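Every value quoted in this text rests on a predicted model; they were computed, and no experiment measured them.
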Amino acid sequence: MDQRGLVERARKGDHDAFSELARAAVVRLDQAARLILRDPELARDAVQDGLIRAWRDLPGLRDPDRFDAWLHRLTVNACLDLARRRRRRPIEVELTPIDHPSTVDATAVIGQRDLIENVLRSLDPNGRAIVVLHYYLGMPLTEVAATLGIPVGTVKSRLHRALGDMRHAIRDVTDQPHPATVPGGQLA
């Protein structure tokens with residue numbers, strides 16, 4: 001059965017249909033939550049909260065074709081809620097690549113993962129959520145905006161700020177000089 005049919009059945013209270021929808025989405029939701037929260041246990045809690053909210057609010061979903069984006073939005077909001085509640089708790093990152101690249105040099109991969117881990121750690125939860133949704137999950141900015149319930153312009157400015165923060169963090173970690181600017185204000 002297609003996703004729309006499952007959503008329609010779940011809206012009418014079919015637990016099996018909702019279980020099938022959740023099973024299909026849980027891995028991607030967990031990966032996104034882990035990248036946003038940087039803690040596997042908190043990520044599981046956020047995914048569970050998102051799925052509970054989805055079951056509870058499913059009858060109010062206006063467009064069944066937008067179920068995936070809606071479910072991501074609920075999960076990201078659950079992540080941000082958890083991050084707000086636990087700001088003072090130190091959190092470790094466990095990065096699991098969504099797509100497993102084939103590389104021969106394991107040390108380079110480990111070094112890159114450590115660098116990404118440190119850079120993501122430096123971002124605030126809102127910026128981290130946008131980076132994860134856009135670059136790790138491949139969502140276009142319009143879909144990121146819809147998922148987070150904010151205007152596209154806000155997504156663009158937060159992404160710009162997050163990428164700038166990431167550049168500074170990478171520069172600080174690698175001790176590289178500032179990039180040269182070229183005419184037109186672009187970075188080289």
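Using a distance-only test at 3.5 Å, with no hydrogens or angles considered, a donor-acceptor pair links the side chain of Arg128 to the main chain of Leu120. Proximity of a side-chain donor or acceptor of Arg34 to a complementary backbone N or O of Asp39 within less than 3.5 Å is not detected.
Using a 4.5 Å cut-off on side-chain heavy atoms (C-beta onward), Asn126 and Ile130 make no contact. Between Pro64 and Arg11, some side-chain heavy-atom pair lies under the 4.5 Å cut-off.
Note: Leu42 CG to Arg85 CZ = 9.5 Å, rounded to the nearest 0.5 Å. Rounding to the nearest 0.5 Å gives a distance of 5.5 Å between CZ of Arg84 and CG of Leu80. The CG atom of Leu159 sits 4.5 Å away from atom CG of Leu163, with the distance rounded to the nearest 0.5 Å. If you take CG on Leu137 and CZ on Arg28, they are separated by 5.0 Å, rounding to the nearest 0.5 Å. Separation of atoms CD1 (Ile36) and CG (Leu123) is listed at 11.5 Å; rounding is to 0.5 Å. Rounded to the nearest 0.5 angstrom, Asp124 CG and Asp165 CG are separated by 7.5 Å.
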Could you walk me through whether Leu51 and Leu29 pass the side-chain contact (heavy atoms from CB on, under 4.5 Å) check?
CA-CA 10 Å; Leu51 289 170; Leu29 295 174; 4.3 Å; yes
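Residues Glu20 and Arg23 are not paired through a salt bridge, judged by the lack of any N-O separation under 4.0 Å between the basic side chain and the carboxylate. A salt bridge between Asp81 and Arg53 is present, with a side-chain N of the basic residue lying under 4.0 Å from a carboxylate O of the acidic one.
The two residues His134 and Leu141 make their nearest non-hydrogen contact at ND1-CD2, 3.6 Å. In plain terms, the two heavy atoms of Ala78 and Gly50 that are nearest each other are CB-N, 4.2 Å.
Partners of Arg4 under the side-chain hydrogen bond (donor to acceptor under 3.5 Å, both in side chains) rule, at least two apart in sequence or in another chain, are Asp65. In terms of the side-chain contact (heavy atoms from CB on, under 4.5 Å) criterion, residue partners of Arg9 (sequence neighbours excluded) are, by chain and number, Met1, Leu6, Asp14, Ala17. For Asp57, the side-chain hydrogen bond (donor to acceptor under 3.5 Å, both in side chains) test picks out no residue, with sequence neighbours left out.
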List, one per line, each side-chain donor-acceptor pair under 3.5 Å for residues 67-77, sequence neighbours excluded.
from, atom 1, to, atom 2, distance (Å)
Asp68, OD1, Gln3, NE2, 3.0
Asp68, OD2, Gln3, NE2, 3.4
His72, ND1, Asp68, O, 3.0
Arg73, NE, Thr147, O, 3.3
Thr75, OG1, Leu71, O, 3.0
Asn77, ND2, Arg73, O, 3.3

Listing, residues 149-158 side-chain donor-acceptor contacts under 3.5 Å, not counting sequence neighbours, or none:
from, atom 1, to, atom 2, distance (Å)
Ser157, OG, Gly153, O, 3.4
Ser157, OG, Thr154, O, 3.0

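Sequence neighbours left out, not one pair with a member in residues 143-167 passes ring pair (Phe, Tyr, Trp, His ring centres under 6.0 Å).
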